[in-house]
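First comes the structure, then the notes that go with it.
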Protein chains: 2
Amino acid sequence: MVRYPDSLKVFVAIDCIIFGFDGKDLKLLLVKRKLEPESGNWSLMGGFLFPNEDLEEGASRILKDLTGLTNIYCEQLTVKGEKNRDPGSRTVSVVFFALIKIEESDQESVKNHNAFWIELDKRPSLIFDHNQMVLEAIDHLRYKAALHPIGFELLSETFTIPQLQKLYEAIYNVPIDRRNFSRKLLSTSLLIDTGMKNIHSTTKKATLYRLDKVRYNEKFHAFWNFMADAMK
Amino acid sequence: MVRYPDSLKVFVAIDCIIFGFDGKDLKLLLVKRKLEPESGNWSLMGGFLFPNEDLEEGASRILKDLTGLTNIYCEQLTVKGEKNRDPGSRTVSVVFFALIKIEESDQESVKNHNAFWIELDKRPSLIFDHNQMVLEAIDHLRYKAALHPIGFELLSETFTIPQLQKLYEAIYNVPIDRRNFSRKLLSTSLLIDTGMKNIHSTTKKATLYRLDKVRYNEKFHAFWNFMADAMK
DNA sequence: ACAAAAGTGTTGAAACTACACCCATGC
DNA sequence: GCATGGGTGTAGTTTCAACACTTTTGT
């Protein structure tokens, strides 16, 4: 077996871009760093890959540590490995894209990490190449949400169609026709009427739906072709 | 500045999945290994990331070395980092997805690397997790070619519409209606009539087109919504 | 009773599918 | 002249976009 020189070895970091939706705005979970390097500046949540874990396990560990949640929607977004991206030793960063339901996350844990939910449009400048990563993640969110039903990952277990519409309007930053949206969505047969109404509304109470998980898994890889023209 | 323990460091490999099209079949450029480990077995073309290069530079180097080509269509596909994927030292592999024009590649150089163009359907089993990578790449090709005009990357500078159709039929493994295909394609205004005809044809000679590169770049990120239903 | 948000139906336009005929070429 | 493959047109269907009125609820 050939041995390769250790000079080729690099650190592998994991960075997580974490999206949430509060019913009105898309948000990112960002960390105000308390440690060097770049103490006091904003960054994505991240860490190093441990020797005993796979990449996806590392991402799950970091997400669980921060939010208390397991079973988070999470996928690889990209890898960044510019030779000069980290001033210390050479580092390759695997960037993960995560969607979480804000109200299910552990707010204490978030606070303990000095992390904050920040409106996408009001996000501060981030360290290193994290700004670029976020731009790519927003693109990816728009791309993917147009084709696959991932929006549900940002809403709670039960939700109303108007809530879903507000989410899509936030993602694409366009107004959507209520009637066409509702019809298209119901025609997917991904929604199950819970029979309940959203009691928080101050006017007419909207129907609460939940996701048909069986159909969701069946249909996930089919093209949804939803909002595709908002991306042109 | 904090120092991290070198025990966290890993090797970074680059593996390239290289697609080509010979006018009839989709092909992969695969290597019959002459070196340990796994000598004599088939694998993707790959190598280690050098200390002085970015990830994309590494992929370009490997592709140029093998095919003699620069300016290859190439994008990151995924990263594989299972803790036990490589029996030697821990390795994270960045997998690139490349589309090349077979007839423009340097066949001498390919031969010198003991590499061969192999029909997709007749590919041998590959080492490590390369089989899984190829499956993901085929999925990605179908996904991406349905939405973006990447098919041209597999054809030579000038091409006919029937050639393009054969390519799409090979990608999706479905028959396509000639008339509808042609109409849809011409309506993209991505094609420029060269005024020439395909002299290789033995019957009626098809019109040779070339790509309108300006429009191609403008429209690349627009959804093409082409072949979307072949993926359902 | 009125303001605010939810629910639903129709119509015209555009896109897509399916299908058939004519043309150019080499043998 | 015939077999092979290239080029084009049309009609029916389906999908999508645009748009207005009615219902529920809290005040």
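So you know, we letter chains A, B, ... as the sequences are listed, proteins then strands, and number each from 1.
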Euclidean distance, atom [atom1] of residue [X] to atom [atom2] of [N] [Å, nearest integer]:
X	N	atom1	atom2	value
A:Tyr209	C:dG7	OH	P	6 Å
B:Leu164	D:dG6	CG	C1'	15 Å
A:Asn198	C:dA4	CG	C1'	14 Å
A:Phe181	C:dA5	CZ	C1'	16 Å
A:Trp224	D:dT15	CH2	C1'	17 Å
A:Ile176	D:dC16	CD1	P	14 Å
A:Phe226	D:dA17	CZ	C1'	14 Å
B:His200	D:dG5	NE2	C1'	16 Å

Tell me whether the rings of [X] and [Y] are parallel (<30°), tilted (30 to 60°) or perpendicular (>60°).
X	Y	result
B:Phe152	B:Phe159	tilted
A:His130	A:Phe128	perpendicular
A:Phe97	A:His140	perpendicular

Look at A:Glu157 together with A:Lys101 and state whether they make a salt bridge at an N to O cut-off of under 4.0 Å.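 The answer is no: the pair does not qualify as a salt bridge.
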
Sidechain N-carboxylate O distance under 4.0 Å for A:Lys24, A:Glu119: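 Judged by the 4.0 Å cut-off on N to carboxylate O distance, A:Lys24 and A:Glu119 do not form a salt bridge.
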
In residues 145-162 of chain B, what residues come within less than 4.0 Å of DNA chain D, judged by heavy atoms?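 DNA chain D contact set from residues 145-162 of chain B: B:Pro162.
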
Of B:Leu126, B:Ile18, B:Leu120, B:Leu44, which meets side chain to side chain contact (heavy atoms under 4.5 Å, CB included) against B:Leu28? B:Leu120

Could you give the side-chain donor-acceptor pairs of residues 203-210 of chain B under 3.5 Å, partners two or more places apart or in another chain?
residue: B:Lys205; atom: NZ; partner: B:Ser201; partner atom: O; Å: 2.9
residue: B:Thr207; atom: OG1; partner: B:Lys197; partner atom: NZ; Å: 3.2

So which heavy atom on B:Lys80 is nearest to which on A:Leu55, and how close?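 In this case the closest contact between B:Lys80 and A:Leu55 is C-CD1, 3.9 Å.
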
Would you kindly check if the NZ (Lys) or CZ (Arg) of A:Lys184 is within the cone defined by 45 degrees around the ring axis of A:Phe226 and under 6.0 Å from the six-membered ring centre? yes

Could you write nucleotides 17-27 of chain C as a row of B, S and -, 5' to 3', where a protein heavy atom under 4.0 Å of any base atom gives B, of only sugar-phosphate atoms gives S, and otherwise -? BBBB--BBBS-

Compare side-chain N and O positions of B:Thr207 against OP1 and OP2 of D:dG7 and report whether any pair is under 4.0 Å apart.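 Checking D:dG7 against B:Thr207, a side-chain N or O does come within under 4.0 Å of OP1 or OP2.
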
